[in-house]
Amino acid sequence: MEVKHTSVCPYDCPDACGLVVTTENDRVIKVQGNPEHTFTRGTLCMKMQHYEETVHSPERLTTPLRRTGAKGEGRFTSISWEEAIEEIASRFHESIVAYGGESIMSYSYAGTMGLVQKAAGNPLFAILGATRQDRGICSPAKSYGWQAVMGQTLGTRPQEMAHSDMVIFWGLDATSTNLHSLHDATAARKNGAKLWVIDTRQTVSFRQADHGIQLRPGTDSALALAVAHILVRDRLIDTEFVKEHVQGYEQFVEEILPGCTPQWAMQITGVEAADIEALAQAYGKARAPFIRLGSGLSRYGNGAMTVRCIVALPALVGAYARKGGGFLSSAGGSSLVGGHIMDWDRYAAKETRLVPMIRLGEALNEVGEKALHCLYIYSSNPAITSPNQNLVRRGLAREDLFTVVHERFMTDTAKYADIVLPATTSLEHDDLYNSYGHYTIGCGWRAIAPVGESKSNWEVMRLLAGAMGIDYPVFTCSERELIAHMLADTTLTEEEKEKIWQGQPVEMTLPEDYKLQFKTPSGKIELWTDRDEEPMPRYTTPHGDDAEFWLINGPDPRILDSSFNERVFISDGPLMKARMHPADMDKKKLRDGAKVVLYNNRGEVRMTLAADEAVLPGTVVSDGVWWQKYSSDDEHGINALTADRPTDRAWGSTFYDVKVNVRVDE
Ligand SMILES: Nc1nc2c(c(=O)[nH]1)N[C@H]1C(S)=C(S)[C@@H](COP(=O)(O)OP(=O)(O)OC[C@H]3O[C@@H](n4cnc5c(=O)[nH]c(N)nc54)[C@H](O)[C@@H]3O)O[C@H]1N2
Ligand SMILES: Nc1nc2c(c(=O)[nH]1)N[C@H]1C(S)=C(S)[C@@H](COP(=O)(O)OP(=O)(O)OC[C@H]3O[C@@H](n4cnc5c(=O)[nH]c(N)nc54)[C@H](O)[C@@H]3O)O[C@H]1N2
Ligand code: SF4
Ligand SMILES: [Mo]
């Protein structure tokens with residue numbers, strides 16, 4: 001008999017779509033969008049339209065495995081859960097006795113965004129006194145830049161975009177990574193709004209926009225400051241708004257903006273001065289401009305400062321005061337939903353060593369006192385997704401590093417494990433989901449029994465705690481009990497909680513004037529702040545490299561980070577490709593279809609080259625983060641080229657701050 005269940009898309013995507021899942025005899029047969037969801041409104045991206053193919057993929061791991069081959073080789077034999085848990089517990093125990101708790105590290109990210117499963121390891125590893133990871137792999141510099149100007153102010157609700165008369169997708173590949181914002185952008189355009197896209201690459205939405213601005217990598221701060229310069233020069237400032245709500249306007253205008261002319265910015269960004277003028281005029285004259293900021297431009301050595309420069313713009317024109325106007329970097333209000341029962345700090349007896357995520361390679365290669373002896377990875381595939389891949393893989397290959405990987409598939413990371421544990425998908429466990437792209441939350445309840453012997457992250461933590469004799473009350477809680485704790489820890493009404501409990505998506509009610517509630521120490525938008533060593537936004541440069549071309553590794557709409565590679569796509573031909581402007585290819589005497597090597601001082605990757613007029617001269621574009629077997633290179637993925645250098649603030653990743661040389665593969 002067919003049964004319908006409501007759920008939430010678990011992937012690391014700002015849309016966090018509402019789902020309607022149809023099951024029959026404990027199998028998922030159909031996955032559709034939930035029309036009741038106020039942001040995603042019943043549609044799904046191409047990846048999730050056939051989630052059942054992931055859930056019931058023949059490639060799912062179904063039993064625990066013990067390694068029989070060399071690390072990385074991928075040869076394993078099935079073992080029972082009892083054996084697996086016992087072995088992990090005793091290896092952890094031995095490691096703690098011999099070297100202390102910090103010899104163990106857990107590493108995880110957002111394979112699932114569910115608040116229970118995402119943080120499942122926190123209580124146990126905090127109690128063990130393990131080495132801790134920060135969570136900087138994605139875009140903390142973007143959050144930092146927003147907060148430096150806006151404090152804890154809520155980002156504008158994305159649906160507000162529908163009432164705007166000028167929408168800017170800035171460093172955001174909406175078609176791949178934020179599909180449902182197109183719904184509101186399209187509604188706005190029907191009412192005459194213009195859509196602008198600012199990117200280093202011509203994406204689908206770039207080509208469909210009314211205006212596209214293609215600029216050199218890592219130069220957005222110059223563009224934003226030149227726009228601000230023109231706004232001031234042409235008196236397009238909302239002076240009433242500035243007087244009431246902005247701190248440091250005069251200093252910003254006097255000390256930062258004078259040199260930021262369109263000609264200056266043209267030299268840096270490569271954008272024609274006339275196009276910069278047009279952008280500024282449109283922004284200054286729009287009734288209610290809305291900027292949706294992506295993460296692309298924040299993944300550079302100057303990422304946080306760049307974001308500060310862009311966040312300054314709506315303050316100058318008073319965008320927040322008008323219906324349809326605003327700025328969304330991230331829906332920080334997700335933090336309105338507590339996940340605190342899973343907080344590391346709640347369980348840690350003392351502070352332990354903190355490893356920046358982007359420095360996983362370095363941490364795995366430590367020797368002596370800082371050496372790691374046990375590694376527990378869940379919900380992440382760092383052999384493919386971490387920067388400086390060669391260093392990461394060298395660490396993962398250490399025979400003396402006892403490694404456990406909890407996964408749904410035999411990923412490149414799992415191939416390095418001593419013990420692999422099979423993980424459930426989101427339709428086989430319970431969880432609560434918020435979103436970093438809107439203000440709706442919802443639950444996804446288990447819709448089918450776990451496939452094979454797979455277990456959820458939280459179930460495994462409970463088993464491990466039991467095997468290690470750790471009896472904190474949290475480990476007696478089921479997933480549903482943890483969710484009940486989290487829902488109690490919110491501003492939701494009883495009625496809303498009940499709806500969520502029934503599986504309905506609920507949009508949090510924001511205060512009527514939330515756009516004007518500036519949650520900074522001064523209560524104003526802080527163009528000048530004393531919360532950072534640098535009091536004002538200014539132009540800074542990215543790290544760069546001693547190489548010839550910027551490498552732009554944009555997202556591919558078929559996959560999400562390295563998730564969805566299980567559904568690949570062999571018929572689509574080679575998946576990892578490089579595109580270059582024909583003029584650059586002529587200069588380097590490279591021909592279309594040539595096998596080339598992209599290289600820098602961190603590594604090299606082989607790919608097939610294609611000529612593309614739309615690629616900015618001086619850049620090479622290669623989309624997607626592919627599993628090794630789908631990379632055109634036998635040994636390296638794209639991250640063999642990327643660096644583990646941090647952003648200017650907040651230890652963020654700099655995946656786009658990479659340069660490469662190109663040569664023919666002899
Ligand atoms: N299909 C798909 N969806 C995804 C993902 C995926 O890999 N694939 N990843 C998920 C995750 S984890 C995240 S964090 C989000 C990220 O989603 P987004 O916020 O969209 O961030 P990115 O995709 O990293 O980059 C967005 C755009 O920034 C551009 N860009 C790069 N450098 C610059 C620059 O210097 N200036 C400007 N203006 N633009 C620049 C890139 O070309 C890209 O088109 O997407 C999520 N959704
Ligand atoms: N070159 C380059 N590298 C990048 C990026 C880029 O743009 N370019 N993007 C970066 C960004 S923004 C991010 S956020 C990171 C993300 O990097 P990762 O955290 O490695 O994300 P994924 O590659 O999606 O891998 C998530 C894994 O979790 C597994 N999984 C899913 N659900 C569960 C579950 O419930 N339990 C368990 N145990 N496992 C589960 C999936 O099968 C999948 O293999 O990648 C970064 N790496
Ligand atoms: S990946 Fe994103 S757009 Fe696609 S269904 Fe999931 S939440 Fe929606
Ligand atoms: Mo991310």
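Note that ligands are numbered from 1 as they come in the structure, with each ligand's atoms numbered from 1 the same way. All of these numbers come straight from a predicted model, not from anything done at the bench.
The single protein non-hydrogen atom nearest to atom 3 (N) of ligand 2 is N639 ND2, 3.1 Å, given as residue, atom name and distance. The nearest heavy-atom contact from the protein to atom 15 (C) of ligand 1 is Y436 OH, 4.1 Å. The protein atom (non-hydrogen) at minimum distance from atom 5 (C) of ligand 1 is L560 CG, 3.6 Å. Protein heavy atom closest to atom 12 (S) of ligand 2, with residue, atom name and distance, is R299 NH2, 3.1 Å. Atom 7 (O) of ligand 2 has N553 O, 4.1 Å as its closest protein atom, hydrogens excluded (heavy atom only). Nearest to atom 24 (O) of ligand 2 among the protein's heavy atoms is S563 OG, 2.6 Å. Protein heavy atom in closest approach to atom 19 (O) of ligand 2: S380 OG, 3.0 Å. Scanning all protein heavy atoms for the shortest distance to atom 10 (C) of ligand 1 gives D12 O, 3.2 Å. Nearest protein heavy-atom neighbour of atom 39 (N) of ligand 1: G171 CA, 3.5 Å. Protein heavy atom in closest approach to atom 16 (C) of ligand 2: D561 OD2, 3.4 Å. Looking only at heavy atoms of the protein, atom 27 (C) of ligand 2 is closest to E407 OE2, 3.4 Å. Regarding atom 40 (C) of ligand 1, its nearest protein heavy-atom neighbour is T200 OG1, 3.6 Å. In terms of protein heavy-atom proximity, atom 41 (C) of ligand 1 is nearest to D199 OD1, 3.4 Å. The single protein non-hydrogen atom nearest to atom 36 (N) of ligand 2 is N457 OD1, 2.8 Å, given as residue, atom name and distance. In terms of protein heavy-atom proximity, atom 35 (O) of ligand 1 is closest to G218 N, 2.8 Å. The shortest contact between atom 23 (O) of ligand 1 and any protein heavy atom is with P555 CG, 3.2 Å.
In this structure the side chain of W170 reaches within 4.5 angstrom of the side chain of L223, judged on heavy atoms.
Only the side chain of Y300 comes within 4.0 Å of ligand 1, counting heavy atoms alone; its backbone N, CA, C and O stay farther away. When non-hydrogen atoms are compared, ligand 2 lies under 4.0 Å from the backbone of T385 as well as from its side chain. When heavy-atom distances to ligand 1 are checked against a 4.0 Å cut-off, R558 has no atom that comes that close, whether in backbone or side chain. When heavy-atom distances to ligand 2 are checked against a 4.0 Å cut-off, Q117 has no atom that comes that close, whether in backbone or side chain. With a 4.0 Å cut-off on non-hydrogen atoms, D556 touches ligand 1 through its backbone and not its side chain. Residue contacts with ligand 1, taken as heavy atom pairs separated by less than 4.0 Å, involve I559 solely via the backbone atoms N, CA, C and O. Counting heavy atoms closer than 4.0 Å to ligand 2, residue T425 contributes nothing at all. In T424, the part holding a heavy atom less than 4.0 Å from any atom of ligand 2 is the backbone. By the criterion of a heavy-atom distance under 4.0 Å, the side chain of A423, and not its backbone, is placed next to ligand 2.
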task = Evaluate the criterion side-chain hydrogen bond (donor to acceptor under 3.5 Å, both in side chains) for residue pair T385 and D561; output intermediate values, then yes/no.
result = CA-CA 7 Å; T385 56; D561 304 323; over 6 Å; no
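Side-chain polar atoms of R606 and S632 form no donor-acceptor pair below 3.5 angstrom. Looking at T43 and H180, their side chains do bring a donor and an acceptor atom within 3.5 Å of each other. With 3.5 Å as the limit, one finds no donor-acceptor pair spanning the side chains of D657 and T654. A donor atom on one side chain and an acceptor atom on the other are found under 3.5 Å apart for T642 and N639. A donor-acceptor contact closer than 3.5 angstrom is absent between the side chains of Y656 and T200. No side-chain N or O of T413 forms a donor-acceptor pair with one of E407 less than 3.5 Å apart. Side-chain contact check for N302 and Y539: no donor-acceptor pair (N or O, by modelled atom type) lies under 3.5 Å.
E566 does not count as a contact of ligand 2, since none of its heavy atoms falls under 4.0 Å from the ligand.
In this comparison of I552, T177, D657, D220, the heavy atom closest to atom 20 (O) of ligand 1 sits on T177.
The side chain to side chain donor-acceptor pair (under 3.5 Å) test with N457 singles out one residue from H429, H406, E479, and that residue is H406.
Scanning for ring pair (Phe, Tyr, Trp, His ring centres under 6.0 Å) contacts around Y144 gives an empty result, with sequence neighbours left out. Under the salt bridge (charged side-chain N to carboxylate O under 4.0 Å, His left out) criterion, D430 pairs with R480, sequence neighbours left out.
At under 3.5 Å, a nitrogen or oxygen of S176, whether backbone or side chain, sits near a nitrogen or oxygen of ligand 1. Backbone and side-chain nitrogen or oxygen atoms of S295 are examined, and one is located within less than 3.5 angstrom of a nitrogen or oxygen of ligand 1. By the 3.5 Å distance cut-off applied to N or O atoms, T203 is not counted among the residues near ligand 1. Looking at ligand 1, you won't find any N or O of L172 less than 3.5 Å from one of its N or O atoms. Residue contacts with ligand 1: I198 is placed with a nitrogen or oxygen under 3.5 Å of a nitrogen or oxygen of the ligand (distance criterion only).
We find that R645 and D545 are joined by a salt bridge, their nearest charged nitrogen and carboxylate oxygen being less than 4.0 Å apart. Comment: R60 engages E428 in a salt bridge, judged by a side-chain N to carboxylate O separation of less than 4.0 angstrom. Ion pair R393/D412 not flagged as a salt bridge, since none of the NZ, NE, NH1 or NH2 atoms sits closer than 4.0 Å to an Asp/Glu carboxylate oxygen.
Near Y378, with a cut-off below 4.0 Å to any heavy atom, the atoms of ligand 2 are 38 (N). The ligand atoms of ligand 2 that sit less than 4.0 angstrom from a heavy atom of I638 are 1 (N).
With values rounded to the nearest 0.5 angstrom, S379 atom OG is found 8.5 Å from R408 atom CZ.
Side-chain N or O atoms of K142 include one that pairs as donor or acceptor with a backbone N or O of L293 at under 3.5 Å. No donor-acceptor pair closer than 3.5 Å links the side chain of S631 to the backbone N or O of D633.
Residues Y107 and S386 approach most closely at OH-OG, 3.5 Å, considering heavy atoms.
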